[in-house]
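Every chain is numbered from 1 and lettered A, B, ... according to where its sequence line falls, protein lines coming before strand lines. Bear in mind that the values here come from a model prediction, so they are computed numbers and not experimental data. Reckoned from all heavy atoms, side chains included, excluding hydrogens, waters and symmetry mates.
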Amino acid sequence: MEFFGEVAGWFGDPANWSGQDGIPARLGEHLVLSIIPLVGAILIALPIGAWIGHTGRFTNLAINVANVGRAIPSLAILAFVAIVSQPFFVMIGLRSVASEAATIVALIALAIPPILTNTSIGIGEVDDEMVEAGRGMGMRGGQILRQVELPVALPIILVGIRTAAVQVVATATLGAVVATGGLGRYIIDGIAQRRNEEVFAGALIVALLSILTELAFTAIARAATSPGLAGQETTAAETVPSAPAGGV
Amino acid sequence: MRMHRKLALGAASLALVLSACAPGEGGSSPSASTPASAGGDGASITIGSAGFYEAQLMAEIYAQALEANGYTVERKLNIGPRDTVQPAFENGEFDLEPEYIGSLLTFLGGEAAGDPDETFASLQTALADVGLEALDYAPAQDQNAFVVRQETAEGLGVSTMSELADADGAGDLVWGLPPECETNPLCSGALEDYGFEYGSLEIESYGACDAPVAQALNDGVVDVAELCSTQPDIERFNFVVLEDDLQSQPSENIAPIVSSEWLASAPAGFADILNAVSAAMDTETLTSLGVRVAVDQESIEDVAESWLSDNGLN
């Protein structure tokens, strides 16, 4: 009980709400460390997933590659990416943000699998009759993809993006191991200095942010789903095994 | 801390091996042992160690050195961290172990100094209270150290921390320091002693002695990193350990620690075997042996044997 008093005291300390290592600054860094990789992963995985789903080619390959990606621990991906990419970032003059850049690359790698899998499967499983109907109306491949397949698969795709987002928010914490900012600093620095209340507070903020991310993307999915598809989301989500939430 | 322990253990093991090589053992057999045949008169001894590779390596080196001199050795080389090992030692569960003199002294409630002789003397006093005794310490130390890339050392023309503090261009260096450095007198305090102004250093936050900080140093993300002096990365990446010329860090030489009871009845020449091992083990040697064990995945037994044989100690 005393410990929770210390945690409350930590949150109540004005010093923890201002300055470079205050909660607003760390939260801001964490959001930057999360949003850039998520956007990057969407830009990479969505077109590839759409092409795979639309053409039906390489479906198994994509799913297997994605599953292997999921099986590797996040920390291992981060360490590997740091080794491979840090010298490059130093070379091109990004030395002061080399560890942040390496972390972002690692998080992109982490966020791609759920988006890729859900996009390709979501589009691949669009009812053949719908596609045929589109074709019968004179639509070309691109039009079928944009006007039939993508809207119908959107709920499943958004589930993939939601999974990736929660994973990225939780895992961006690990960047602190390689000297990035973000909320992970509270955990890593707190452990180093044996300030358990700070470790707990940091973990609590990350957990809350992950939950908020989940809720936000659920709301987005609801708003973005075509009225004609409403009610299908649950079913669709269940057909695609969602990736485990990001962890260490 | 982890590295410290490893180094210390390793040094202790090495010391043991060296001792074994020394000629002219013999004499009475120790308590509760079955006589064997060689110089040790078949005396049997149990060697313990903490559970990390450097400690295990040093203990194995002690073990093989003693075996080469006719001792019968029982090994307990994976006991755990110091707070498990030390009580077991004091309870008589084994007779000999490699230890880091500074960390052990601190564990026993003493205060480790930068000067190894001073630390060693304090340690002997502290050990006497718990029925233990240290033999000669090795030059090898596993302590926190500030490390640079070869090119930095050559570019700035520095080999010691004092030279780095005085070097032109030292102000442009990026430091990889642990998060607790600011509040740790052995980190920020030590840097201030050398004349660095801690508050004006450009710092990236990395745990000391961890793989990420070694990687960051190699990749050029940082220019100076706090590593452990026998960390395999130092040899892998050809880093330069800057000499701690002001002795700001507690000395962490590795020494064989023996039960006083065992020592009192030990065969003549027992201490010589271990002291010869210690004398031959310096920090660079221990680092290289650590690379073979931790990076190249050679077995501890093989590494110990080849080192002993290279040094004529088995």
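Of the atoms belonging to A/Ala176, it is backbone heavy atoms, and not side-chain ones, that fall under 4.5 Å from chain B. Looking at A/Thr180, there are no atoms closer than 4.5 Å to chain B (heavy atoms on both sides), in backbone or side chain. Neither the backbone nor the side chain of B/Val213 comes within contact range of chain A; no heavy atom of the residue lies under 4.5 Å from a heavy atom of that chain. Heavy atoms closer than 4.5 Å to chain B are found in the side chain of A/Ala98, but not in its backbone. For a residue to count as touching a neighbouring chain, one of its non-hydrogen atoms must lie under 4.5 Å from one of that chain's; by this rule A/Val178 touches chain B with backbone and side chain alike. Neither the backbone nor the side chain of A/Arg194 comes within less than 4.5 Å of any heavy atom in chain B.
Only one option out of A/Phe3, A/Phe11, A/Tyr186, A/Trp10 pairs with A/Phe200 in a ring-ring contact (aromatic ring centres under 6.0 Å, His included); it is A/Phe3.
B/Ser103 and B/Glu252 form a side-chain donor-acceptor contact under 3.5 Å, judged by distance and modelled atom types alone. B/Gln249 and B/Asn144 share no side-chain donor-acceptor pair at under 3.5 Å. For the residue pair B/Asp219 / B/Gln215, a side-chain donor-acceptor distance below 3.5 Å is found, with atom types taken as modelled. Remark: the B/Ser122 side chain and the B/Glu111 side chain contain no N/O donor-acceptor pair separated by less than 3.5 Å. For B/Ser162 and B/Asp245, the side-chain atoms include at least one donor-acceptor pair closer than 3.5 Å.
For the set B/Gly207, B/Gly220, B/Pro212, the count of heavy-atom pairs under 4.5 angstrom toward chain A peaks at B/Gly220. Top candidate by heavy-atom pairs under 4.5 Å with chain A, chosen from B/Cys181, B/Pro179, B/Ala211, is B/Pro179. Highest contact tally toward chain B, considering only A/Leu94, A/Ile83, A/Val177, A/Ile191, is held by A/Ile83 [criterion: heavy-atom pairs under 4.5 Å].
With ring centers used as reference points, B/Trp175 lies under 6.0 Å from B/Phe196.
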